[in-house]
Structure formats: C-alpha cells, structure tokens
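Report on the following structure.
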Amino acid sequence: MKKLIYMDNAATTPTRQEVLDDMLPYFNIQYGNPSSVYSLGSRSRTAVEKSREIIGNMINAGEREIFFTAGGTEADNWAVRGVAYANKDKGNHIITSKVEHQGIIHTCEYLEKQGFAVTYLDVDEYGIVDLEQLEESITDETILISIMFANNEIGTVQPIKEIGEIAKERNIYFHTDAVQAIGNIRIDVDELNIDMLSMAAHKFHGPKGIGALYIRRGVKIDPLIIGGGQERNRRAGTENVPGIVGMGKAIELAYENLDEKNEKLIQLRERLIKGIFDNIDHVRLNGHPTKRLPGNVNICFEFIEGESLLLSLDMEGIAGSSGSACTSGTLEPSHVLLSIGLPHEIAHGSLRLSLGDNNTAEEVDYVVEKLVGIVSRLRAMSPLYEQFKGGN
Amino acid sequence: MKKLIYMDNAATTPTRQEVLDDMLPYFNIQYGNPSSVYSLGSRSRTAVEKSREIIGNMINAGEREIFFTAGGTEADNWAVRGVAYANKDKGNHIITSKVEHQGIIHTCEYLEKQGFAVTYLDVDEYGIVDLEQLEESITDETILISIMFANNEIGTVQPIKEIGEIAKERNIYFHTDAVQAIGNIRIDVDELNIDMLSMAAHKFHGPKGIGALYIRRGVKIDPLIIGGGQERNRRAGTENVPGIVGMGKAIELAYENLDEKNEKLIQLRERLIKGIFDNIDHVRLNGHPTKRLPGNVNICFEFIEGESLLLSLDMEGIAGSSGSACTSGTLEPSHVLLSIGLPHEIAHGSLRLSLGDNNTAEEVDYVVEKLVGIVSRLRAMSPLYEQFKGGN
Amino acid sequence: MYSEKVMEHFHNPRNVGEIEDADGIGNVGNPRCGDIMKMYLKIEDDTIVDVKFKTFGCGSAIASSSMATELIKGKTIDEAMNITNKAVAGALDGLPPIKMHCSILAEQAIKSALLDYSQKSGVHIDGLEDFDPTDDPHDHH
Amino acid sequence: MYSEKVMEHFHNPRNVGEIEDADGIGNVGNPRCGDIMKMYLKIEDDTIVDVKFKTFGCGSAIASSSMATELIKGKTIDEAMNITNKAVAGALDGLPPIKMHCSILAEQAIKSALLDYSQKSGVHIDGLEDFDPTDDPHDHH
Ligand SMILES: Cc1ncc(COP(=O)(O)O)c(C=O)c1O
Ligand SMILES: Cc1ncc(COP(=O)(O)O)c(C=O)c1O
C-alpha cells in the first residue's frame, strides 16, 4: 500500500502516540470508576480532575467550568438547548449564523419547532457574519448568541472578540462552537467574553468520543443528559476516563509550540493554494484569504463534481473532503458554500484539503501534481466543460 | 502494593486485553472518519458496521436496530425522552419502577415537570415489580413502560418476559435498561417483546464512553443528540470508532461460554454469602435469593455505616460499593434499598460486592476473613451497637 | 461504500466522449443537483452501433453511465429500451441506496437519446409514450 | 477524596470507647441520616481530663470525632467551647465540601456533652445559651 497523504485533519485526526500512551493504563490497570470510594476509584477521579484543569488552563477558564461530553455535537446541543430551556422565562430568541455546523443549525431548527425564534445571520462572500445584522437582530427576547469560532469547511475565523463585546454589552449569553479552532488558535475565554465553548478531542489528535463544554461560572443552563451525579450534577454517565485523560494530553501537546507549527502550516497552505492556482484554471478559493484556519484549503474546481474528485484522489492515496451533495448524505451541496453565494453547480465541485502537522511540502507538491491530472481527466468527461468550451 | 481484589464489577470493569488490542489500530492507524469517502474512512465505517452487527446478533436484533451512544445513561435518556416527545399526541403517561437507575428516574422526573405523568411501580421485599400494579396502572394515555432488566444494586432480575407480554398486548412500547444484564444474561429481544434496550460497554469489560440503544424497527422515537447524519440520522456526532470496535469485541467475549462462567460466578456468590452469614451476625441479604445477577452480593451489616466499611476494605485491598448516603453524593441512602422496605439506618450499612470472571474462591475467603475483623471493629465503635447490646 | 465493479468503471469508464454526427443525443440531469449525463448514439438498422457519454457527477453517476453504454452497445433499440435502472445497478454489483438515482439517470439518458433519435428520424419506438426526460430522478429514492 | 490525616484518624481513631462514670455525655446525629456521635467527658476542675467517643458514620464522621476528642482532651471547658467545626476540619487538613457536616456534628457532640455536664453539675457554661443539640447539621451545607 502506498503511504497515505492525509489532508482531512478537519474531519478527524489520528490520536498522537503520546496521547494514547497516557490513556492506556486507564483501560485495564487504572480502570476504577471515578465515583467509587476506594483508591482505584479516587485515582481515576484524580486523573479526570487533572485533565479538567489542563483544559481549563488552556483557555483561561477555571477547572470547575469544564464539563466533559461525548464530543462536539453533544457540547453544541447542550449549550443551545440547555440555555434555551433554562432561560425561556427571559426570552425565546436565539441568534446564530447560516454557516454553523449541523450540530448547531439542526438544534436551532428543533427549537424553532418548540416555539423558539431563531435568527440565522447572513455571511459575506468570505463566510464572515454580518456584525451590523447581529446588532440589529438583538431584541429584549434574545437569550443566546451562538457563533462558531472557525468554520469547518472553509476555515473562516469569525470576529469573535467583537461578537463577545456585543453579547456582553447587551447582557446576552455567548456560545461559540470552537471545535475547529481549539488546538489551532489560542483562545482566552475572558478576553473574548465567551460564556460557553464547545470542543472535541478528535480534532486535535485526541481520541474520538470525548469532548467538553466550557460553561462560565454563573451561566444558567439545564443539563442535557440526566442521571447520576457526575460532572457535578450537570452531565450524567460514568466518565470516559481514558478519553478524558487523552483529551487533556492532546490539548497540552496541541498548544505546545503553536506559533511555530502554525507558521509552518500557513506556509504549506499557501504553497498548496499557489500550486493549484498556478497549474489549474477555473478554480476559486473559498473562505477568507487570511482570516482562516492555518491548515484549511477549500477550492472549487469548476465543471467537475466533488465526490468523483475525492475518489480519484483516494486512488492516488490522498484523503480530502468535499461539500458536494454526494458526500453530505443529502441532495444539497454544503449550506456553507451556498451561504457564501456559490451557485449549486460550483458548490458541488468543492475540495477541502485540511493540513496537519504531519504534512510536508513534498506531499503538497505531489497533491498538486495529481490534482492537475485528475481535474483534466474529469473535465474531459464533463458535459459542463464541453458546453463551456463550446460557448467560448 | 498489595494485589487488588476487585469486587465492584457492577460499577465498572477493566477493559479486557483482547478488546483493547482490537481497539488500538483505530486510534492512530485506522483513524479515518467513517463519514469520509476515501478508503481510510470506509474502513472505519466497515468496522463500525461490523460491531453493530455483532451486537445485534447477540440480542437477536437486526444491525439496523442498534444505535451507538456515549453510554448507558445517554441510552436511557434517549429511550425515555425520545419516545415521550415522539408520541405525545398519543398520550402522556409513562410507567417505570421505584428501583430504576437514576438515568431513568431523573429523566422521568424531568418529564413530569414538562407535563408528562409517571407511575413509579412499587417493588416487593426482593425488589421485584408488582405486575398487577403494572396492569392496573395502564391507561389509554400510556405510551411507554420502562423497567430495568436487572438491578444495579441488589441484582434482582425483573420478570421481563411477563412485562413484555403485557406491553405487547396493550400495544405500549417497552424499554428495558439492561446495562447490568447485558453480558451476564442471554437476552432475546423478540422472545421477550423488548422494543428498546440500553447497554453500556464498560459493564462487560469493554471501554468506558460507549454504549448503545437497541430500537426495534418501527418504534417512533425522536433523536436526543442532533446534528450530522451519523447513525442514520438518529444520533449525531463523529463515531467513537475505537469504542465501538471495543464494544463489539467485548460483547462477543462476554457471551462466550456464558453458562460455564455463570455457574462459576454463582458458586462464588453463594460461597461469599455463606461465608458472611456463617461468620457475622446481624446481616441481611438484599435482593432476591435466586432471581439475581450471577455475581451480585448485597448485604446489610447492621449498626455500621457503609462508607466506613468501604474505606476499611480498601485498606485491605478490597474494592466494593455501598448504598449509603455518604457514597451517593446525596444525604439519602439508596432509593433501591428504601424501596425494598429497609429502614434508613440499615440501608446506610449496605455493602455490594459484585463478582466478575477474575475473582477466585481464595479471594472470596480472604474477603470474608477481613470483613469479620472490620465489622467487629466498626461495631465496637458504634453507639448503635452499644445501644442494641444494652437493650438486649 | 461502492462495489469493486463501480470503482472499476469509475476509474476506467468505457465509451467516454462525443459522437460528432450522432443520430440521437440524450441530456438528462441538472447541474444544481450535481449530476448531468449526456449520451450520444449512432444507430444503424435498428441497432446501436456506437455510443458515447459525458457525465458530470459523482463516482456512481460516472460508473452508471459507463455501464449503461456497455449494456446497450450493439443492442437493438428494443433491447436498449428494456434496460432498466435496476439492470444498470445490478450489472455494477449494486449501488448504495442513496445512489440509486444515478442508475435512474442512466436509464433516462438512454431513453432520452432514443427519444431524440425517434424525433429526428421519425422512427416510432414502443415504450417512449410516457417517458418524460425532465422527470427528476432525485424524487425516485 | 480524603486527606491523609482523615484516613489516618479513621484507621487509628483516638479515644474510642465509653466512660462508665462520665460527667457529661453528648449524643448527636440521627441514624436516618447515617451518622450518630456519642461523646463521653470526664471533667475535673473545669478541665476535660478524659474523653471517649463512639460513632456510627462514614470515614469523615469517625475521623472528625477522633480529632475532636484530641482537640479537647486536657483543655478547659472554655477552650473546648471555642473549638469550632472549622477547627476540627482544619486539623484534619480539610474535608470535602459534602462532608463538612461531619465536622459540625463533632462540634455539636462536644457542646452537647458539655451541656449535659452543665445540667448535671449545675455549672454554668458561657456560650451554651443558644445551643440546640437537635439542630440538624445536614442543613448547614
Ligand atoms: C442499571 C444501570 N443503568 C444505567 C447505568 C448508567 O450507565 P453509564 O454510567 O455507563 O452511563 C448504570 C451504570 O451506572 C446502571 O447500572
Ligand atoms: C465546527 C464543528 N462543530 C461541531 C462538530 C461536531 O463534532 P463531533 O462530530 O465530534 O461531535 C464538528 C465536527 O464534525 C465541527 O467541525
């Protein structure tokens, strides 16, 4: 088998060996239930609390403000529904954006069916939310603003500080889905006035199946998962101890030498973008040219469809993703690409390559080379390309 | 350090080495997101589906009826709330029992606040639900019966077949929390007319942080965690692939040679009970003498309090649990022990020793020996014992 | 996700291209939905002597087009009319449920090309009476 | 969960037992709640010359009783009256929040025994005027 060139780090990442090493004892040596009285249990408890503290420290939060969940989606669901239910006496209005992850969008749609009113903010051509519209949308009924930190598809980073200020000034809770940002961008929840923040370990080289919600002390929020007294009565269920330990280690490693790593990532990203633009025509870069995640490249190749691009890349040992309908499980291309104004047929031809610390310049060059061939082969097969050339 | 004698298998179990071995590649070699188009992703998908099939087979369900969750509590929450919300046009009444796990009880209490009516069935001195009361409680509004398969504290196994028949006859959904039963008791969801069933891998030597809900085809149930299209649109969030793989392997191993293993467990259980009764007076066995989980021993030691018993056992390298208030995080002793009619002061003195495949007769004898000393030491310190002797 | 057969046809599609002086051209699908198939037929004596396609779409759309051309090449018009989407999917060793519309599109591309031939040549073709080439295959699954 | 000091006092509690001819006996707590402390005092010349306890309760209840007896042994009544639950908890290097009521119980056991002494002996003790030995420490946290 050819060595895999993995450029889908926004979908998930391999668990780092050091992370896995730290987790291992908690499966079958230090396996006690953290709620148990005996030493085996309290050692698990200690490990859980240590991880909570590490994670808190990384975002300038107290360890009592970090609550573990099964992942980013649960954290998103909890934040939005928990705040909605707990504050419905104050108001029924929620503001979010059109480019949120489904974990937020579908949760908001669900709340709409229950009588909540939701404003989905527009974004500009780069995917940045309209701050004026945000301010104008706020009413006396507004209880929550939920805007993602960085977009999972096009990598655009939102003006979080400005949003936090608006939320604070108007005394409205501010949640941010930082699933794509944590581990890639330094975040200080106090400086940014963030009240709640979602994260998922598997996006920063931690294990799948574990995430967390930061909840600022004092925020009124209902639990989502009810039962035993774990997580100080806010999230029931036996703790995923190995997962929690792994998440703590992973976040620590992610923020180690972050600036150096990001500098390298940005170089690779720009090399990849330049390589594609220099060698292939009829392409567009999606997302903001500079206000984007260091490793995110998202490009539309006109006249071809994303899934066939991915399958062709896979043949060459390259892993990427697409916002085409065929990969979304629905018949619509990505709502994010449509929200930034792309026509359907162009949105179908998107390719996201999300770079990670393991990628190299050689890999980038190889991908560009392969893309040239694949795109020209698929275009040769495409009636849209034929039509376009005929029209020219 | 002394070798630990672990007799708290009902709290959690160590992940079996074979299970962990199967999981390992899915952390950092076969780490793809199952939703991804490329081969690395579809191999993860295949692993997830294989595990789903194994789990389905074990309970005579189709693999399309198994949905992964983060654990037993999430499965319980989902079953009860999902059915309640999806069927509220049909009725608002739920029947459960007084001895359910908090994941069910607190969820039902939460639904009561939202206008649902809940009947909490009484249990007899052994913890068995009252079937007559069940039949009498059913109204035209009843949409769900949720009765646990086997109790986590006292090990009592409920008359699931009879309950399933009643539910089927009256055309009401039947959910069972089988978190303690799966892996210990053979379960056939068709034979028992079970519509939904909760499980958690860490109770049968799988990893923590992964569970499943069996949902019979055709059951009307809302999702609990909303977002991406995973689990056929019924439970969103990137799949915990290593956890899922581990759960499949663990359930397979749990049901291997089950009868032999249970025979051995029952022998150990009876040896432990006999050892305690022969050597310590003023003790009572909680739960049904025979209709109980093969490894469950639950005994009240009068005049002493459970937590001090546990701490003393821990000193001797023995891990057990108690239904005393001091270990429950509340001020009340176990609701289960109160429901079977124990007075508070006696409920505080309960000890649960839950045996597993790794326990031996020597360990059982050692525990009995240590218990004799500990109980007499704590009783010597107890004003209740002094009072009792004075009164005699 | 896909069978080996699908992948093989995707990577080595048969009969890609155009026929300059085609006797019938079918063009179905919609760029909005992410798939368009264009099929060119050369017909002599009631027989499809040559066929080419161009497809914009996902892996299964390309494989379905390729397989459809294989299935009708050298066949009579009546035989081609009997090729259903199930036959296309079956010949590919099956398609995932959410991809069945690709095989429907392939069936429609054949019929659409035959309709064009029928209209241009005046040859009546049994079974095309109810065929609507603008019918959306996405509604079929 | 517990400090080493708590564990040490739990495993080697000081002054366990009864005093046959005690001058004051305190009995606080409630078996319903899972903790009862009984404290026996021997008092000579305003000084606690001996103290014993018996406790039904959790680890921190036993450790708190043990520590409380240590803190008052050899002390004058006034000194003993000044021992607060915080002093007991502090001497144990702290207690988990949900266990603070055990230290309150220990403080109450001392006061209750002193109240009994005061009533039996007729000696007035400053600070017991408002003391209610049936006050439930579980309400304090
Ligand atoms: C009967 C029962 N139901 C539900 C649960 C909850 O499982 P988990 O803690 O894995 O969420 C447990 C275990 O604690 C249990 O014993
Ligand atoms: C921005 C964003 N939010 C939420 C999620 C959901 O995280 P998970 O799939 O781990 O539940 C993801 C990842 O898929 C994401 O990229």
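Residue numbers start from 1 in every chain, and the chains themselves are labelled A, B, ... in the order their sequence lines are given, proteins ahead of strands.
When heavy atoms are compared at a cutoff of 4.5 Å, B:E109 does not approach chain A at all. Contacts between B:F27 and chain A at a heavy-atom distance below 4.5 Å involve backbone atoms as well as side-chain atoms. If you measure heavy-atom distances from B:T69 to chain A, you find no contacts under 4.5 Å at all. If you measure heavy-atom distances from B:R235 to chain A, the contacts under 4.5 Å come from the side chain alone.
With A:D314 as the fixed residue, the side chain to side chain donor-acceptor pair (under 3.5 Å) test singles out one of B:S42, B:S39, B:S36: B:S39.
If you tally non-hydrogen atom pairs under 4.5 Å between each of B:T12, B:L313, B:N77 and chain A, the highest count goes to B:N77. Across B:G71, B:A236, B:G246, the residue that shares the most heavy-atom pairs under 4.5 angstrom with chain A is B:A236. Of the listed residues (A:V241, A:I318, A:N240), the one with the most heavy-atom contacts under 4.5 Å to chain B is A:N240. No other option in A:G211, A:P207, A:P242, A:G237 has as many heavy-atom pairs under 4.5 Å with chain B as A:G237. Interface check for chain B: of the options A:G320, A:P223, A:G41, the most heavy-atom pairs under 4.5 Å are formed by A:G320. Considering only heavy-atom pairs separated by less than 4.5 Å from chain A, the leading option among B:R16, B:H101, B:Q17, B:R81 is B:R81.
B:I225 is listed as a side-chain neighbour of A:L224, based on a closest heavy-atom distance under 4.5 Å. Using a 4.5 Å heavy-atom threshold, the side chains of A:Y38 and B:D8 count as touching. Within the 4.5 Å cutoff, the side chain of A:L24 has heavy atoms near those of the B:L24 side chain. Within the 4.5 Å cutoff, the side chain of B:T73 has no heavy atoms near those of the A:Q230 side chain.
Across all non-hydrogen atoms, the minimal contact from A:T15 to B:N28 is O-CB, 3.1 Å. Residues B:K208 and A:E239 approach most closely at CD-O, 3.3 Å, considering heavy atoms.
Separation of atoms NZ (B:K113) and OH (A:Y85) is listed at 13.5 Å; rounding is to 0.5 Å.
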